[in-house]
Amino acid sequence: MKKNKLLTVMLIILVTITLIGVVVFVLLTQFNKQTTTASEEPTIDEIVESSVDVTEITTNLADNRIIMLSLKIQTDSKEAAAELTKRDFQAKNLIITQLSEMTEADLKGKDGKATFESTLKSQLNELMQEGEVKEVYITSYIIQ
């Protein structure tokens with residue numbers, strides 16, 4: 001009888017210690033995950049340093065309308081921004097080609113612009129060898 005009680009007490013203590021260990025492990029893992037994601041966010045100065053401005057482009061859309069637009073392309077590093085600056089002619093070619101297949105209706109509203117930005121981002125990432133494009137921002141936009 002005493003051996004049975006001793007075994008039961010030992011099992012309860014062992015299970016309690018295991019549960020406490022698991023809870024501490026989960027809490028530490030979650031805490032580390034939160035601090036690393038907070039520290040990974042770039043500052044606005046880092047974003048500006050790793051961004052490239054695409055000067056105003058004027059071209060025809062598929063429906064014979066004319067679009068004038070400027071972009072800011074955010075990359076993940078200064079090296080990627082330097083590469084994208086060198087690939088300026090290729091980036092402009094992709095932009096003009098993409099726009100020539102779109103109509104005014106395709107670019108209407110938030111969704112149309114977001115689709116254009118997303119498509120352009122993926123096409124630019126196919127070109128990039130040093131880093132990647134994080135975001136494409138439309139900074140100026142006129143359709144006539």
Side-chain angles (χ1 to χ4, degrees), residues 5-144:
K5 284 184 180 180
L6 183 61
L7 182 62
T8 305
V9 170
M10 285 176 52
L11 282 175
I12 291 172
I13 291 173
L14 185 61
V15 168
T16 305
I17 290 172
T18 304
L19 284 175
I20 291 172
V22 168
V23 168
V24 168
F25 175 76
V26 168
L27 289 175
L28 287 175
T29 304
Q30 292 299 322
F31 179 72
N32 284 339
K33 193 182 295 183
Q34 289 173 354
T35 56
T36 55
T37 55
S39 64
E40 288 177 8
E41 291 294 320
T43 65
I44 190 64
D45 292 329
E46 292 170 338
I47 291 172
V48 169
E49 287 176 354
S50 64
S51 296
V52 176
D53 287 314
V54 177
T55 57
E56 187 171 86
I57 294 176
T58 304
T59 189
N60 293 330
L61 295 174
D63 59 359
N64 291 325
R65 296 239 186 224
I66 294 175
I67 185 167
M68 294 187 308
L69 111 138
S70 301
L71 302 169
K72 184 173 274 290
I73 302 172
Q74 178 189 344
T75 64
D76 64 345
S77 66
K78 291 179 191 177
E79 294 80 16
E83 179 188 359
L84 188 59
T85 301
K86 291 177 187 174
R87 293 181 179 275
D88 180 51
F89 66 99
Q90 291 174 315
K92 286 182 178 179
N93 180 56
L94 283 174
I95 295 164
I96 292 169
T97 304
Q98 183 65 35
L99 288 170
S100 69
E101 295 178 0
M102 300 180 83
T103 64
E104 180 183 15
D106 294 335
L107 291 165
K108 233 178 195 146
K110 251 195 265 186
D111 292 336
K113 289 174 188 65
T115 302
F116 170 70
E117 291 169 348
S118 172
T119 303
L120 189 58
K121 175 184 167 183
S122 64
Q123 289 176 345
L124 288 169
N125 276 327
E126 290 176 15
L127 280 179
M128 299 292 288
Q129 294 176 350
E130 190 76 30
E132 68 175 341
V133 172
K134 290 291 196 181
E135 290 290 332
V136 175
Y137 300 99
I138 297 174
T139 56
S140 171
Y141 170 87
I142 298 172
I143 292 182
Q144 292 183 347

Would you name the heavy atoms of [X] and [Y] that are closest together and state the gap between them?
{"X": "Leu107", "Y": "Met102", "answer": "CD2-CE, 3.6 Å"}
{"X": "Pro42", "Y": "Ile47", "answer": "CG-CG1, 3.9 Å"}
{"X": "Leu71", "Y": "Thr139", "answer": "N-OG1, 3.7 Å"}
{"X": "Glu130", "Y": "Glu83", "answer": "N-OE1, 2.6 Å"}
{"X": "Asn93", "Y": "Thr97", "answer": "O-OG1, 2.7 Å"}

If I take atom [atom1] from residue [X] and atom [atom2] from residue [Y], how far apart are they, to the nearest 0.5 angstrom?
{"X": "Leu124", "Y": "Ile73", "atom1": "CG", "atom2": "CD1", "value": "5.0 Å"}
{"X": "Ile67", "Y": "Ser100", "atom1": "CD1", "atom2": "OG", "value": "11.5 Å"}
{"X": "Ile143", "Y": "Lys108", "atom1": "CD1", "atom2": "NZ", "value": "8.0 Å"}
{"X": "Gln90", "Y": "Leu84", "atom1": "CD", "atom2": "CG", "value": "9.5 Å"}
{"X": "Ile57", "Y": "Thr59", "atom1": "CD1", "atom2": "OG1", "value": "8.5 Å"}

Q) Does anything in residues 135-144 pair up under salt bridge (Lys or Arg N to Asp or Glu O under 4.0 Å), and if so which pairs, sequence neighbours excluded? A) none
Q. Are the side chains of Asn64 and Asn60 in touch, meaning some heavy atoms are under 4.5 Å apart?
A. no
**Q.** Donor on one side chain, acceptor on other, Asp106 and Thr103, under 3.5 Å
**A.** yes
Does [Y] offer a backbone N or O that forms a donor-acceptor pair with the side chain of [X] under 3.5 Å?
{"X": "Thr75", "Y": "Ser50", "result": "yes"}
{"X": "Thr16", "Y": "Ile12", "result": "yes"}
{"X": "Asn125", "Y": "Glu132", "result": "no"}
{"X": "Asp76", "Y": "Gly131", "result": "no"}

Q: Under the salt bridge (Lys or Arg N to Asp or Glu O under 4.0 Å) rule, collect the residues that match up with Lys113, sequence neighbours excluded.
A: none
Q | Partner residues of Lys121 under the salt bridge (Lys or Arg N to Asp or Glu O under 4.0 Å) criterion, sequence neighbours left out | A |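 Partners of Lys121 by the salt bridge (Lys or Arg N to Asp or Glu O under 4.0 Å) criterion come out as none, since no residue qualifies.
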Who passes side chain to side chain donor-acceptor pair (under 3.5 Å) against [X], sequence neighbours left out?
{"X": "Gln98", "value": "Gln123"}
{"X": "Glu104", "value": "Arg65"}
{"X": "Asp63", "value": "none"}

